[in-house]
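Notes follow once the structure below has been shown.
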Amino acid sequence: MPALEWNHSYWGKDYGWSEGGDEWSVTWGGSEAQWFGSLYPRLHRMLPARRILEIAPGRGRWTQYLIPMSSAFIGVDLAESCVVECSKRFANVPHAGFIQNDGVSLAAVPDGSFEFIFSFDSLVHAELDVMQRYIPQIVAKLAPGGKAFLHHSNFAVCDDGGEQPPHGRAASVSGEIVADLVKQSGGRMLVSELINWGSIDTIDCLSTFARGDEPGPEHVRLTNPRYMEEATLIHDFQSPYSRLT
């Protein structure tokens, strides 16, 4: 059950970032293969976007692909070291900026201004108390027509047999809990995709949502126990193309 303090200490001080975050994409054959093979197909109707907010960019693993698809980009992270490293890495990008927060507040960025809000492979470590703070703010930050895409834990409904959540997953969060928070915050769910991670079925969820004051399609709920099979296919048959020069 990773507390806010644990996240701040681990990602800001203890974790070595040996490959700048790319080490987390080895299963897909690299970050580029994972982005174009797994993430972008789910995001392509939401990108490009004029203004993008990324929550917990780490060392910029996904930031490098989001920045070219925006005219204004802000990354918010609780780890000072991540803010510093991203600021260095993207120093030559005048429309990108990075802000340190306390792990629960988005007060530093304006309401109603982002066409796309994104977080992947970070909020899986955020417990319910953090999600209860973040979700209402994310809905408020969305511009008209804007969308949010969040990767978070679904472990609250997994049969854990009394074991500690693997992969540092939050124990108190699920897809339905997040969907309820979105609705309570005045938002509208679009897609909830329950996915496996490692060998555990539906341990995570990909939640896509919008503001609630606009018409749109009904909430689609997907259960995808083959997400890691998708990773294997990308690794074996797509990632070799990402290494071409």
Side-chain angles (χ1 to χ4, degrees), residues 21 35 39-79 82-83 86-87 89-91 93-126 130-152 173 175 178-193 205-217 219-220:
W35 173 262
L39 285 171
Y40 188 68
R42 291 172 166 86
L43 306 176
H44 71 282
R45 293 297 297 271
M46 297 175 263
L47 294 171
R50 187 175 64 88
R51 290 175 59 87
I52 293 178
L53 171 65
E54 183 179 9
I55 299 172
R59 298 297 173 92
R61 179 165 51 140
W62 311 123
T63 310
Q64 62 184 319
Y65 304 111
L66 292 168
I67 282 178
M69 296 188 180
S70 68
S71 55
F73 174 93
I74 297 177
V76 176
D77 203 293
L78 85 167
C82 291
V83 172
C86 278
S87 297
R89 180 175 180 178
F90 303 105
V93 182
H95 71 273
F98 299 89
I99 301 170
Q100 183 183 8
N101 76 343
D102 58 1
V104 293
S105 175
L106 298 176
V109 298
D111 287 352
S113 59
F114 295 96
E115 282 75 25
F116 185 54
I117 299 176
F118 171 90
S119 184
F120 186 86
D121 213 4
S122 297
L123 292 179
V124 289
H125 310 298
V130 174
M131 300 302 286
Q132 287 172 325
R133 294 282 299 277
Y134 264 143
I135 295 297
Q137 295 177 85
I138 291 170
V139 173
K141 303 303 174 185
L142 288 171
K147 308 291 190 299
F149 177 89
L150 306 182
H151 175 207
H152 57 84
V173 179
V178 168
D180 288 343
L181 288 173
V182 169
K183 183 177 180 180
Q184 294 165 15
S185 303
R188 176 169 50 83
M189 286 299 303
L190 299 174
V191 182
S192 298
E193 182 181 2
C205 183
L206 307 176
S207 290
T208 305
F209 54 94
R211 291 170 25 149
D213 55 358
E214 301 168 5
H219 181 192
V220 176

So SG of C86 and CD of Q100: to nearest 0.5 Å the spacing works out to 12.5 Å
Separation between CD1 (I74) and OG (S113), nearest 0.5 Å, reads 7.0 Å
### Query
Any sub-3.5 Å donor-acceptor pair from S70's side-chain atoms to I52's backbone N or O?
no
CZ of F114 to CD1 of I138, rounded to nearest 0.5 Å, is 11.0 Å
To the nearest 0.5 Å, atom CG of L78 lies from atom OG of S105 at 12.0 Å
Between A49 and F116 the two heavy atoms that sit nearest each other are CB-CB, 3.7 Å
Exercise for review: Using modelled atom types only, decide if a donor and an acceptor are shared between the side chain of E115 and the backbone of R51 within a distance under 3.5 Å.
Suggested key: yes
Value for CZ (R89) from CD (Q64), rounded to nearest 0.5 Å, stands at 4.5 Å
Exercise for review: Please work out whether the ring planes of W35 and Y65 are parallel, tilted or perpendicular, with thresholds of 30° and 60°.
Suggested key: parallel
Partner of F120 under side chain to side chain contact (heavy atoms under 4.5 Å, CB included), picked from I55, L43, L206, is L206
Indicate yes or no for a side-chain donor-acceptor contact from Q137 to the backbone of V104 under 3.5 Å, with no hydrogens or angles considered.
yes
Rounded to the nearest 0.5 angstrom, the OG-CD1 distance for S87 and I99 is 9.5 Å
